[in-house]
Amino acid sequence: MAATAAVWQPREDGLAEICALLEQQISPSSVVDKSQIWQQLQHFSQFPDFNNYLVFILVRAEGKSIEVRQAAGLLLKNNLRGAYPSMVQENQKYIKSELLPCLGAADRNIRTTVGTIISVIVNIEGVSGWPELLPALVTCLDSNDLNHMDGAMDALSKICEDIPHVLDSEVPGLAERPINIFLPRLFQFFQSPHASLRKLALGSVNQYIIIMPAALYHSMDKYLQGLFVLANDPAAEVRKLVCAAFVHLTEVLPSSIEPHLRNVMEYMLQVNKDPDEEVSLEACEFWSAYCDAQLPPENLKEFLPRLIPVLLENMAYADDDESLLDAEEDESQPDRDQDLKPRFHTSRLHGSEDFDDDDDDSFNVWNLRKCSAAAIDVLSNVFNDEILPTLMPLIQVKLSASGDEAWKDREAAVLALGAIAEGCMNGLYPHLSQITSFLLPLLDDKFPLIRSISCWTLSRFGKYLIQESGNPQGYEQFEKVLMGLLRRLLDTNKRVQEAACSAFATVEEDAAEELVPHLGVILQHLMCAFGKYQRRNLRIVYDAIGTLADSVRGELNKPAYLEILMPPLVAKWQQLSNSDKDLFPLLECFTSISQALGVGFAPFAQPVFQRCIDIIQLQQLAKVDPASAGAQYDREFIVCSLDLLSGLAEGLGSGIESLVSQSNLRDLLLKCCMDEAPDVRQSAFALMGDLARVFPVYLQPRLLEFLEIASQQLNANLIRENISVANNACWAIGELAVKVRQEVSPIVANVVSSLGLILQHGEGVNKALVENSAITLGRLAWIRPDLVAPHMEHFMKPWCMALSMVRDDIEKEDAFRGLCAVVKVNPSGGVSSLVFICKAIASWHEIRSEDVQNEVSQVLSGYKHMLGNSWAECLSALDPPVKESLARYQV
């Protein structure tokens with residue numbers, strides 16, 4: 001290929017060869033070996049001016065088809081993503097100089113490809129690296145030529161979408177930020193006669209709502225005027241963007257729409273009925289956004305009689321809803337690979353009350369039906385029973401609609417009942433028995449989607465039915481729901497199986513020990529489902545079995561139950577290979593079972609333990625050498641196996657010794673603690689802590705390495721990204737410290753300084769991490785008060801505040817042993833925080849351990865003695881409940 005001359009020119013033979021390859025690459029013919037062509041194009045990428053050829057073909061190869069030119073442009077875009085920064089400056093300049101004149105190309109495909117490439121380059125070097133770009137865009141926008149305006153607007157919209165902040169920054173050589181130059185022009189295009197320009201202009205401005213630059217904030221009135229002008233635009237895509245703008249403004253800057261609230265709400269109500277479903281879906285998002293923004297509810301209240309019927313109408317299945325096709329699937333049809341949802345395993349976490357684990361079904365398509373149901377749910381939580389007088393008559397009319405053709409209305413009514421189950425419970429509670437009696441027969445409806453929605457709605461009422469199960473009629477209904485759901489688990493329709501199984505898992509969580517009398521029949525149904533389900537629904541059965549184990553715990557440990565439960569699971573376990581992803585849900589299920597059975601899991605423990613070790617080894621090999629492992633690396637295998645080992649340690653207790661002592665788990669675990677993936681480290685530190693509790697001797701040979709690596713996780717820079725890793729590492733250090741005592745000394749100083757920082761920034765950190773930090777700090781202070789006491793003034797106040805939030809248990813006792821020990825070593829270090837020490841002591845309901853009780857008493861009397869007359873002054877600063885609580889220490 002040619003060397004770069006003053007102005008680069010392609011060689012004819014090179015040009016012809018590349019064009020021929022691109023033609024073959026896009027040809028639909030199956031004779032061509034695409035991978036070979038791809039390799040040849042990759043080979044050409046080695047030449048420094050290959051990308052010049054591509055831009056030349058895109059911009060100047062007039063004789064070639066648009067498809068070939070576009071293919072050259074897309075290949076160029078992908079190449080530049082990786083190669084642009086290391087390219088010769090001459091070549092960078094050549095590519096940029098060729099792109100700009102092409103903004104106004106006659107063919108729209110060429111223009112949009114150019115726009116994409118421009119946005120990629122701006123993403124890499126900003127606008128300051130390309131001084132000619134902004135003036136070129138302005139010239140095109142002001143040109144009044146449709147092609148030029150469209151090309152510039154397309155490029156600008158991609159920059160606004162991918163890198164909006166670039167236009168809202170200072171640019172050397174420009175008197176003002178680029179956004180100030182473009183925003184007035186974008187507003188002008190709101191009035192363009194061309195729908196494509198109106199759409200691109202509005203879409204570009206909408207990208208700035210989230211970052212709200214000063215330029216947009218100060219022209220808010222102009223923006224809103226523009227939105228009202230476009231509100232009834234003939235183009236559905238523009239109306240959709242108007243709705244999106246109002247929704248985002250409501251979320252980000254509700255004060256901006258407050259003066260126009262009534263008009264906006266009237267508009268949203270009107271477009272909620274738009275014939276275009278995408279527009280009505282975007283409008284429907286507004287109602288939830290309104291409630292979340294805490295705008296005045298009374299304004300919305302007067303709209304409810306008109307809004308609720310629209311939402312209910314939109315909750316019926318649309319004729320083209322994909323679910324209608326899925327609903328026909330019989331259980332005998334095997335699942336296709338694309339039916340299997342991506343799954344997400346949540347690593348183990350210690351002290352995790354405040355971690356959200358909302359299992360939202362992100363795999364399913366969001367549509368108008370679901371959005372309308374979500375809006376009714378939100379409204380029911382804001383207005384509670386006030387929506388019932390409008391909603392219930394409409395639900396009753398739909399439920400009583402007879403005939404096959406009205407099934408979608410009946411289904412929507414059942415969905416609505418489920419959506420309001422939580423928000424309107426007070427109003428519905430007196431009618432709970434009638435509602436349940438009405439829903440139970442629908443479990444046997446001839447339409448599968450009515451059977452499936454009835455499962456869901458019944459599960460939404462489950463916890464209230466359980467509250468009623470104390471009286472005979474309530475108990476009878478609870479049993480009927482339980483049996484009805486179990487019957488549907490064995491439905492022949494896959495969609496109903498899935499709904500029944502998920503609903504049953506919800507009821508299990510709510511019912512907990514109420515399930516114990518029914519365990520035999522529940523297990524028989526679950527294991528029967530286990531035997532007949534296809535792969536996708538099998539995952540939900542695993543979840544239901546795991547949830548059952550979590551709910552009834554040790555009650556499961558009876559020979560009769562284990563005979564039903566374990567053989568099919570063990571058979572499946574033996575059938576799957578170590579690299580089969582269907583193992584994930586099974587590993588999770590075994591984790592719950594091993595924790596529930598405790599020592600009862602011992603007969604099954606050996607093969608399960610060994611399998612986990614084999615899987616971790618296989619994956620660690622696959623990471624460096626997939627060929628010899630015979631498997632692709634997937635860290636989820638490691639995470640699930642570590643969590644199952646933790647479950648075994650928790651369940652078997654010291655009984656795990658015989659399994660662990662002969663294994664190489666110690667070295668594998670240390671490697672996992674150093675893994676670059678946070679979820680692997682998170683589960684590894686959980687297991688380290690669990691082993692420290694039940695078999696600390698095992699970690700001894702590499703003890704300092706474990707402690708060192710765990711203490712590194714508490715580094716302030718790491719914590720921000722990986723709070724859960726820090727949380728587990730912190731907890732594990734504390735568990736190990738109380739077992740190995742003085743041997744923890746080498747890391748005490750570092751860990752204490754990190755924990756001090758975490759506690760000082762407590763309000764910005766997650767609650768579980770603050771509590772674990774307070775406990776681990778106390779445990780280290782108990783073991784080495786001499787190392788901790790000199791620094792106590794730095795963290796005494798936030799430490800005591802955190803300890804007063806910890807619930808009474810053995811961990812809190814350990815922490816107070818440490819608190820008392822450091823105060824003894826350095827009493828003056830605690831004087832300035834004495835009020836907080838008193839509050840922490842007062843947070844105990846009852847200290848069970850006599851020695852901790854005595855230590856605390858000594859600390860208080862020591863300060864009373866030390867402060868003399870000032871002691872009374874200190875007490876007077878305390879709140880009455882704190883004083884009352886301290887009275888038992890007679891100080």
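Only heavy atoms go into these numbers, but all of them, side chains included; no hydrogens, no water, no symmetry mates.
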What residue pairs, at least two apart or across chains, pass ring pair (Phe, Tyr, Trp, His ring centres under 6.0 Å) with a residue in residues 227-261?
F228-F246, F228-H260

Go through the steps for E266 and R306 under the test salt bridge (charged side-chain N to carboxylate O under 4.0 Å, His left out), then give the verdict.
CA-CA 10 Å; E266 279 293 352; R306 290 155 63 206; 2.7 Å; yes

Please determine whether a side-chain nitrogen of the Lys or Arg among E278 and R239 lies less than 4.0 Å from a carboxylate oxygen of the Asp or Glu.
no

Taking the side chain as everything from C-beta on, heavy atoms only, tell me whether C160 gets closer than 4.5 Å to Y208.
yes

Donor-acceptor under 3.5 Å (S592 side chain, A549 main chain)
no

Which pairs, with at least one residue in residues 187-202 and sequence neighbours excluded, count as a side chain to side chain donor-acceptor pair (under 3.5 Å)?
R198-D233

Please round to the nearest 0.5 Å and tell me the distance separating atom SG of C589 and atom CD1 of I545.
4.5 Å

State plainly whether the residues D321 and K408 are in salt-bridge range, i.e. N to O under 4.0 Å.
no

Side-chain heavy atoms of L415 within contact of I376, under 4.5 Å
no

Looking only at non-hydrogen atoms, find the nearest pair between C501 and L489 and report the distance.
CA-CD2, 3.4 Å

Any donor-acceptor pair under 3.5 Å linking the side chain of N314 with the backbone of N272?
yes

Can you tell me which residue among E422, E514, E508 is in a salt bridge (charged side-chain N to carboxylate O under 4.0 Å, His left out) with K463?
E422

Compare all side-chain heavy atoms of L156 with those of L167 and state whether any distance is below 4.5 angstrom.
yes

CG of L379 to SG of C424, rounded to nearest 0.5 Å, is 9.5 Å

Within the 4.5 Å heavy-atom criterion, are L253 and I209 side-chain neighbours or not?
no

So CG of N367 and OH of Y317: to nearest 0.5 Å the spacing works out to 8.5 Å

Return all side-chain donor-acceptor pairs below 3.5 angstrom for residues 290-304, not counting sequence neighbours, or 'none' if the list is empty.
| unit_1 | atom_1 | unit_2 | atom_2 | d |
| --- | --- | --- | --- | --- |
| Y290 | OH | P296 | O | 2.6 |
| K301 | NZ | E386 | OE1 | 2.7 |
| E302 | OE1 | R262 | NH2 | 2.7 |
| E302 | OE2 | R262 | NH2 | 3.0 |

Can you name the residues that form a side-chain hydrogen bond (donor to acceptor under 3.5 Å, both in side chains) with R451, not counting sequence neighbours?
D491

Picking from L482, L485, L486, what satisfies side-chain contact (heavy atoms from CB on, under 4.5 Å) with H525?
L486

Can you list the residues that meet the side-chain hydrogen bond (donor to acceptor under 3.5 Å, both in side chains) rule with D162, with sequence neighbours excluded?
S119

Looking at every non-hydrogen atom in both residues, tell me the closest pair between I466 and V507 and how far apart they are.
CD1-O, 4.4 Å

All ring pair (Phe, Tyr, Trp, His ring centres under 6.0 Å) counterparts of F182, not counting sequence neighbours
none

If only atom types and distance count, is the side chain of Y267 paired as donor or acceptor with the main-chain N or O of A231 below 3.5 Å?
yes

Excluding sequence neighbours, so at least two apart, what forms side-chain hydrogen bond (donor to acceptor under 3.5 Å, both in side chains) with E322?
none

Do K532 side-chain atoms and T492 backbone N/O form a donor-acceptor pair below 3.5 Å?
no

Determine, stepwise, if the pair K240 / D276 fulfils salt bridge (charged side-chain N to carboxylate O under 4.0 Å, His left out).
CA-CA 9 Å; K240 180 181 164 185; D276 185 291; over 6 Å; no

Salt-bridged, E498 to R539, with N to O below 4.0 Å?
no

Taking atom CD1 of I211 and atom CG of D168, what is their separation to the nearest 0.5 Å?
5.5 Å

Which pair of non-hydrogen atoms, one from S323 and one from R495, has the smallest distance, and what is that distance?
CB-NH1, 3.2 Å

Taking only residues two or more places apart in sequence, or in another chain, which ones meet F187 in a ring pair (Phe, Tyr, Trp, His ring centres under 6.0 Å)?
F190

Does the pair E476/K480 count as a salt bridge with the N-to-O cut at 4.0 Å?
yes

Got P309 and L312 here, is their nearest side-chain heavy-atom distance under 4.5 Å?
no

Determine yes or no for a side-chain-to-main-chain donor-acceptor pair under 3.5 angstrom, with N384 supplying the side chain and G423 the backbone.
yes

CD of Q534: more than 12 outside heavy atoms within 6.0 angstrom?
yes

I'd like to check V247 versus E251 (side-chain heavy atoms, cut-off strictly below 4.5 Å). Are they in contact?
yes

CE (M268) and CG (D274) are apart, to the nearest 0.5 Å, by 11.5 Å

Residue pairs meeting side chain to side chain donor-acceptor pair (under 3.5 Å), one or both in residues 432-442, sequence neighbours left out, come to S433-Q473, S437-Q477

When you compare the side chain of M425 with that of L432, does any pair of heavy atoms fall below 4.5 Å?
yes

Is the backbone N or O of G403 less than 3.5 Å from a side-chain atom of R410, with the two atoms forming a donor-acceptor pair by type?
yes

CG (L449) and CG (N493) are apart, to the nearest 0.5 Å, by 7.5 Å

Taking T457 for the side chain and S454 for the main chain, is one N or O donor matched with an acceptor at less than 3.5 Å?
no

Would you be so kind as to tabulate the donor-acceptor pairs closer than 3.5 Å made by side chains of residues 438-445, with sequence neighbours excluded?
| unit_1 | atom_1 | unit_2 | atom_2 | d |
| --- | --- | --- | --- | --- |
| D444 | OD1 | R487 | NH2 | 3.4 |
| D444 | OD1 | R488 | NH1 | 2.7 |
| D444 | OD2 | R487 | NH2 | 2.9 |
| D445 | OD1 | F447 | N | 2.9 |

Determine whether L249 and M212 satisfy the following criterion, side-chain contact (heavy atoms from CB on, under 4.5 Å), listing intermediate values before the conclusion.
CA-CA 10 Å; L249 284 168; M212 194 52 73; 4.1 Å; yes

Would K581 and E636 count as a side-chain contact (heavy atoms from CB on, under 4.5 Å) if you check the C-alpha gap in whole Å, the side-chain angles of each, and the deciding distance to 0.1 Å?
CA-CA 9 Å; K581 293 188 178 186; E636 195 160 351; over 6 Å; no

When every non-hydrogen atom of M153 is compared with those of A201, the smallest separation belongs to CE-CB, 3.8 Å

Among pairs that include at least one residue of residues 215-231, which meet side chain to side chain donor-acceptor pair (under 3.5 Å), considering only residues two or more places apart or in two chains?
N206-Y223

side-chain hydrogen bond (donor to acceptor under 3.5 Å, both in side chains) partners of E285, counting only residues at least two apart:
W366

Between I522 and F504, is there a side-chain heavy-atom distance shorter than 4.5 Å?
yes

Heavy-atom pair of closest approach, residues C284 and L311
SG-CD2, 3.8 Å

Kindly say whether D377 contributes a backbone atom to a donor-acceptor pair with the side chain of S380 at under 3.5 angstrom?
yes

